[in-house]
Structures are given as C-alpha cells and as structure tokens.
Amino acid sequence: MLKITDLRAEVDGKEILKGLSLEVKAGEVHAIMGPNGAGKSTLGYVLGGRGGYEATGGTVSFEGEDLLEMEPHERAAAGLFLGFQYPVEIPGISNVQFLREALNSQRRARGEAPLSGAEFLKLARSQADALGMDQEMLKRPVNVGFSGGEKKRNEMVQMGILGPKLAILDETDSGLDIDALKAVGEGINRIMRAPDKAVLLITHYQRLLDYVRPDFVHVLADGRVVRSGGPELALELEAQGYGAVAA
C-alpha cells in the first residue's frame, strides 16, 4: 500500500529525514517510535503534504501512485488521513459543515455521488455514538473549546466518517487520560483494522500500543529507521529507553 524508499526531507533548509525507507502493506499496523527530533512528525507531514515540509529526495508510492506528486487534497481523496498531535480549531464552521463538505469533496473526486444531508447526519451520528461523543458537539465549531481528549475523539469521528485506506496518526495518545486513551484506541481498531486498510502510528510511548497492537515497530533516529521488530520492541524501548535500543 505504502512504499517509502530513501526519503529525504528538509524543514527551513535543515535536513530532517536522511534516507528513510519503510513499507506498509494492507492489513498492517506499524508503529514509529523514537526520541524527540528524530523526524517522526516530519515524516507524517511530508506524507500528508503539509506546507513547509519539502521532500528533497527518494520516492513514496501509495497504492502504486507517486504520492509526492499529489496535492494534499488529492492524497486525501486517494484515501490518506493525517491525524495531528494538536488538532486545529476552526472557529465559525461547525463539525457537521466541515465534515460533510470534506466527505463529499472526496466522493466527487473519486467519481462518487455526494451524500444527502440526511444520509450524512445518519453516518455522523453513528460515528459519534461509537466514540462516545455527545452529538451536540457535532454542531459546535470544529474543536473550539474542546478539551484535549474531546479533540482526539472528534478526530476519530472524522476518520470514521471519511473512511480512509491509510491513517497516519501523529501522537494521537498525547494528552489523553486513561478513559480517552481506551476510547481512541478502540476507535482506531474499529475503523482501521481491516484487510484493505493500514495504520502508521507515530508515538513516544507503549501505552497506546496496549490498545492498538502493532504488527511492526520501527525505531526512528536521526531521520532514519535504525531498527525494526515486532510488538516486543516497544516493550524493550519502554524498559531500556531509546539510547540503548537505537545504538
């Protein structure tokens, strides 16, 4: 599904990714772990097409297409979802407005008929219920006045509505209490655990991986994958720290 080969990227003229290679197949969950400054978030932003994060070398293919040649909206329509560590607030636009327009824009780009208002509300309410989110929050401006946990639940609702093929989740566990962490973990499993979907989880800690068990764990250091293994590698990192494992 996703194949990254010798990816290099710069931020403000400084090289952050220095020849990163990784392959994610359909049906797999991969966790990216590593110390601060290793390039984890940069990887997510480059894949998502965020401005200011420029790929300077290497290749990235997504379902056989050149991902780096796509505009951000084209990547989204192709089935890529990027979850942010700090979801943005959008005053003046309700969740319902934002998500209906986002979903129907993607459907039109894929040659699919847009959902009617009634069809969309049924989908949105079912996703909110599944995440334990008050449906009244669908009427509120996007993330405005939401707690950290509410923002992450809202992001999972967005993911459930958009139904991506590949979810890249950047420190989704950041700032979550135990209940919110469990709800988010269960949401990821419910929405993305399927033979035709894949997940790239970017995280510092083992705790999210207790709920979303990865098939593979990769250690990122100085812009490269320096070690890969199974779920046991995350436990080793938790016990020994990054210095001992990435050395």
Using the salt bridge (Lys or Arg N to Asp or Glu O under 4.0 Å) rule, take K139 and E136 through it: C-alpha gap first, then chi angles, then the decisive distance, then the call. CA-CA 6 Å; K139 302 175 184 178; E136 287 299 309; 3.2 Å; yes
side-chain contact (heavy atoms from CB on, under 4.5 Å) assessment of V60 paired with E65: CA-CA 8 Å; V60 181; E65 300 294 326; over 6 Å; no
So do E186 and I188 actually touch side chain to side chain, heavy atoms under 4.5 Å? no
For H30, check ring-ring contact (aromatic ring centres under 6.0 Å, His included) against everything at least two apart and list the hits. F216, H218
Considering only distance and modelled atom types, tabulate donor-acceptor pairs under 3.5 Å from the side chains of residues 162-172, sequence neighbours left out.
unit_1 : atom_1 : unit_2 : atom_2 : d
K165   : NZ     : E63    : OE1    : 2.8
D170   : OD1    : S41    : OG     : 3.2
D170   : OD2    : S41    : OG     : 2.9
E171   : OE1    : Q85    : NE2    : 3.3
E171   : OE2    : H204   : NE2    : 3.4

If you apply the rule salt bridge (Lys or Arg N to Asp or Glu O under 4.0 Å), what do you find for D215 with R193, and how did you get there? CA-CA 11 Å; D215 300 292; R193 276 289 192 183; 3.6 Å; yes
State which residues pass side chain to side chain contact (heavy atoms under 4.5 Å, CB included) with A26; sequence neighbours excluded, sorted by chain then number. M1
Would you indicate whether the side-chain heavy atoms of L103 and L123 approach each other to under 4.5 Å? yes
Not counting sequence neighbours, list each pair that qualifies as a salt bridge (Lys or Arg N to Asp or Glu O under 4.0 Å) and has a residue in residues 109-130. R107-E112, R110-E112
Residue pairs, two or more places apart or on separate chains, that pass ring-ring contact (aromatic ring centres under 6.0 Å, His included) and touch residues 40-76: Y45-Y53
Distance only, no hydrogens: is a donor on one side chain within 3.5 Å (strictly under) of an acceptor on the other, for Q127 and R190? yes
Could you pull out the closest heavy-atom pair between V225 and L220, with the gap in Å? N-CD1, 3.6 Å
Could you note down all residue pairs passing salt bridge (Lys or Arg N to Asp or Glu O under 4.0 Å) where residues 34-45 supplies at least one of them, sequence neighbours left out? none
Whether E150 side chain and S147 backbone form a donor-acceptor pair below 3.5 Å: yes
Are any side-chain N or O atoms of N104 and backbone N or O atoms of L115, one a donor and one an acceptor, separated by less than 3.5 Å? yes
Compare every heavy atom of L237 with every heavy atom of M33, then report the nearest pair and how far apart it is. SD-CD1, 3.7 Å
Tell me if the NZ atom of K182 is crowded by more than 12 foreign heavy atoms within 6.0 Å. no
Minimal non-hydrogen separation, D179 against R153, with atom names: O-NH2, 4.1 Å
Which residues pass the side chain to side chain contact (heavy atoms under 4.5 Å, CB included) test with T56, not counting sequence neighbours? R8, E10, E54
Same apolar cluster: V226 and L200, side chain cutoff 4.5 Å: no
Answer yes or no: does atom CZ of R213 have more than 12 heavy-atom neighbours from other residues, nucleotides or ligands under 6.0 Å? no
Tell me, please, which residues at least two apart from R224 pass salt bridge (Lys or Arg N to Asp or Glu O under 4.0 Å). D222
So, does D6 use its side chain to make a donor-acceptor pair with the main chain of S21 at under 3.5 Å? no
Is it possible for you to say whether L82 and V184 belong to one hydrophobic cluster, with membership spreading through side-chain heavy-atom contacts below 4.5 Å? no
Does any part of the side chain of V219, heavy atoms only, come nearer than 4.5 Å to the side chain of L233, both counted from C-beta? yes
Hey, can you pull the donor-acceptor pairs under 3.5 Å for the side chains in residues 87-101, sequence neighbours left out?
unit_1 : atom_1 : unit_2 : atom_2 : d
E89    : OE2    : K151   : NZ     : 3.2
S94    : OG     : Q97    : N      : 3.1
S94    : OG     : Q97    : OE1    : 3.2
N95    : OD1    : N154   : ND2    : 3.0
N95    : ND2    : M137   : O      : 2.9
Q97    : OE1    : S94    : N      : 2.9
E101   : OE2    : S105   : OG     : 3.0
E101   : OE2    : R108   : NH2    : 3.3

To the nearest 0.5 Å, atom CG of D173 lies from atom CD of Q206 at 10.5 Å
Ignoring hydrogens, what is the shortest heavy-atom contact between A180 and G149? Give both atom names and the distance. CB-CA, 4.4 Å
Return the CD1 to CE distance between I161 and M156, rounded to the nearest 0.5 Å. 12.0 Å
Please collect all ring-ring contact (aromatic ring centres under 6.0 Å, His included) contacts where either partner lies in residues 109-167, sequence neighbours excluded, each pair once. none
Going only through I, L, V, M, F, W and Y residues with side-chain contacts under 4.5 Å, is there a path from I202 to Y211? no
Verify the cluster assignment for L2 and I191: are they in a single hydrophobic cluster under the rule of side-chain heavy atoms below 4.5 Å apart? no
Roughly how far, to the nearest 0.5 Å, is CD1 of I4 from OG of S61? 9.0 Å
Show your reasoning for whether side-chain contact (heavy atoms from CB on, under 4.5 Å) applies to F84 and R50. CA-CA 11 Å; F84 293 94; R50 184 173 182 176; 4.2 Å; yes
To the nearest 0.5 angstrom, please state how far the CZ atom of F81 sits from the CD atom of Q106. 9.5 Å
Any idea which heavy atoms bring L47 and L67 closest together, and the distance? O-CD2, 3.5 Å
Can M159 and M192 be said to form a side-chain contact (heavy atoms from CB on, under 4.5 Å), step by step? CA-CA 9 Å; M159 187 169 73; M192 297 302 301; 3.8 Å; yes
Is a donor on one side and an acceptor on the other found under 3.5 Å between the side chain of R75 and the backbone of L80? no
Under the side chain to side chain contact (heavy atoms under 4.5 Å, CB included) test, which residues partner P72, sequence neighbours left out? none
Option from V217, L209, I32 for which side chain to side chain contact (heavy atoms under 4.5 Å, CB included) with L201 holds: L209
Side chain to side chain donor-acceptor pair (under 3.5 Å) against D134, all qualifying residues, sequence neighbours excluded: none
Crowding at CG, D66 (>12 non-hydrogen neighbours, <6.0 Å): yes
Taking the side chain as every heavy atom from C-beta outward, state whether L43 and I16 have any pair of such atoms under 4.5 Å apart. no
